[in-house]
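To keep things clear, I will list the structure first and then write my remarks on it.
Start at 1 and go down the list; that is how both ligands and their atoms are numbered.
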Amino acid sequence: MEYVIVGSGIVGLYTAYHLLDKCDRNGKSIVVVAEYLPGDESVNFTSPYAGGNFSCISGSDKETLEYDKFTYINLLKIRETLGGPSCGLDYCYSTEYWDEIPPKEKIDNLLTYLEDMKILGAEELVRGTKYGIRFKSFSFNCPVFIQSMKRYLEERGVQFKRQKLDHINQAFCTDTKAVFNCTGLGSFKLCGVNDSKMHPVRGQVLVVKAPHITENTMRWGKDYATYIIKRPYSNDQLVLGGFLQKDSWASETYSEQNDDILRRTTELVPEILTKNPTGHKLENLEVMRSAAGLRPFREGGTRIEKQIVNGKPLIHNYGAAGYGYQAGFGMAARAISFLQEAKL
Ligand SMILES: Cc1cc2nc3c(=O)[nH]c(=O)nc-3n(C[C@H](O)[C@H](O)[C@H](O)COP(=O)(O)OP(=O)(O)OC[C@H]3O[C@@H](n4cnc5c(N)ncnc54)[C@H](O)[C@@H]3O)c2cc1C
């Protein structure tokens, strides 16, 4: 196969999609090789566990701001290509609050492209916060969205192959033109890559049934994030989070963390309880699931760079931390630009 993408999480899928749609490559020339595929669940596969929406969780460096913007302005087109909102992607208004004033470069950049973005007045802030914005965001139904992506790619001829690689060199065959390494946290252990800058940042979420909540709300503190994300096309699931635990590899969930999530999210949006049609106490909330996932965080930011292995390009594209859905299409564009430069 000419183009081999190792990894079938959101970053590998966006990369395959970009190769097909923006570079007009034949689907039959692309194979996605991965230990875990959309539909699977494993602590070694982050993408099904994301919240996931477009928010201000990502960094304020120039590259990340560009990746976010490129993804946001392309998401509507991607949604239409995948068959409309039922693919697991829909618009949703979002309000974000900060305990401290966020970086000016971030806000200035967001103002250039977020739809209906408004900076909140002091009277609109929640107690203890110093800054807030409201805008038209996107919410993903992550498990559904990655399966819709896989289906679309397969319909266009892309092959998916289940295989765990011990060494990245195993991805190369005689007719290979380029390999993309989109293994996320797997890049920590994969021989030939062994990136010691990779760390897990563990998150835990609670999913509750909440037809009465129709918008997203986030609060960013120094070492914590509290978020409420409406999951589209999910029979009224609401994702409540969260935790940001660096270097924790734990896949189990903890009841004391669930209690803390419920306390913080219902303080931030009391309507979760006060408008709940099944009762106004915590015990009246229908808890559907608790889950933990490991964000693929990389010290110094994402790694998107070309390396030559036995005369052929190995293009790394990983380290999306807590923003693979909202920045991953921009990351894919950057990764594929190396291919275009080499005229491959
Ligand atoms: C609780 C939580 C909430 C989040 N919320 C959001 C959000 O709201 N918005 C957002 O944008 N992001 C969010 N994220 C982050 C997002 O989930 C990640 O950035 C994204 O899933 C990373 O995707 P990936 O493709 O890089 O990695 P993964 O999804 O982990 O995929 C890696 C792929 O590589 C394969 N692989 C790895 N090693 C090997 C090997 N040796 N051989 C073969 N295959 C291999 C795996 O099997 C898998 O297919 C959240 C994450 C968590 C945990």
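Atoms of ligand 1 found under 4.0 Å from any heavy atom of G51, numbered from 1 in the order shown, are 3 (C), 4 (C), 5 (N), 6 (C). Near C182, the atoms of ligand 1 lying under 4.0 angstrom from a non-hydrogen atom of the residue are 32 (C), 33 (C), 34 (O). Atoms of ligand 1 lying under 4.0 Å from at least one heavy atom of I10, given by number and element, are 20 (C), 21 (O), 23 (O), 25 (O). For ligand 1, the atoms sitting less than 4.0 Å from at least one non-hydrogen atom of G184 are 26 (O), 27 (O), numbered in the order shown with element in parentheses. Those atoms of ligand 1 that come under 4.0 Å of a heavy atom in A320, given as number and element, are 19 (O).
In terms of N/O distances under 3.5 Å, ligand 1 is not approached by Y227.
Shortest contact from atom 39 (C) of ligand 1 to any protein heavy atom: T183 CG2, 4.0 Å. Protein heavy atom closest to atom 25 (O) of ligand 1, with residue, atom name and distance, is V11 N, 3.1 Å. Remark: minimum distance from atom 51 (C) of ligand 1 to any protein heavy atom is reached at R295 CG, 3.6 Å. At the top of the distance list for atom 9 (N) of ligand 1, counting protein heavy atoms only, stands N53 O, 3.0 Å. The closest protein non-hydrogen atom to atom 42 (N) of ligand 1 is L165 N, 2.8 Å.
Between atom 29 (O) of ligand 1 and the options G241, G186, S47, G52, the minimum heavy-atom separation is to S47. Among F160, F188, Y36, the residue whose heavy atom lies nearest to atom 46 (C) of ligand 1 is Y36. Between the choices A50, S42, G322, the shortest heavy-atom distance to atom 12 (N) of ligand 1 belongs to G322.
Clustering of Ile, Leu, Val, Met, Phe, Trp and Tyr side chains at separations under 4.5 Å leaves L65 isolated, with no partner residue.
Put simply, CD on Q326 and CD1 on I10 are 12.0 Å apart, with the number rounded to the nearest 0.5 Å.
Using a 4.0 Å cut-off between heavy atoms, Q163 contacts ligand 1 through its backbone alone, with no side-chain atom that close.
Ring geometry for F297 against H199 counts as tilted: the plane angle lies between 30° and 60°, on a 0 to 90° scale. Using cut-offs of 30° and 60° for the angle between ring planes, the Y17 and Y152 rings count as tilted. Ring planes of F140 and Y325: tilted class, angle from 30 to 60°.
Hydrophobic clustering (ILVMFWY, side-chain heavy atoms < 4.5 Å, transitive): V207 and Y233 are in distinct clusters.
In this structure, Y49 has a heavy atom closer than 4.0 Å to ligand 1.
Salt-bridge check for E124 with K118: passed, with a basic side-chain N closer than 4.0 Å to an acidic carboxylate O.
Checked by atom type, the side-chain pair T64/D61 shows a donor-acceptor distance below 3.5 Å.
Among residues at least two apart or in separate chains, salt bridge (Lys or Arg N to Asp or Glu O under 4.0 Å) pairs with a member in residues 179-196 are D195-R298.
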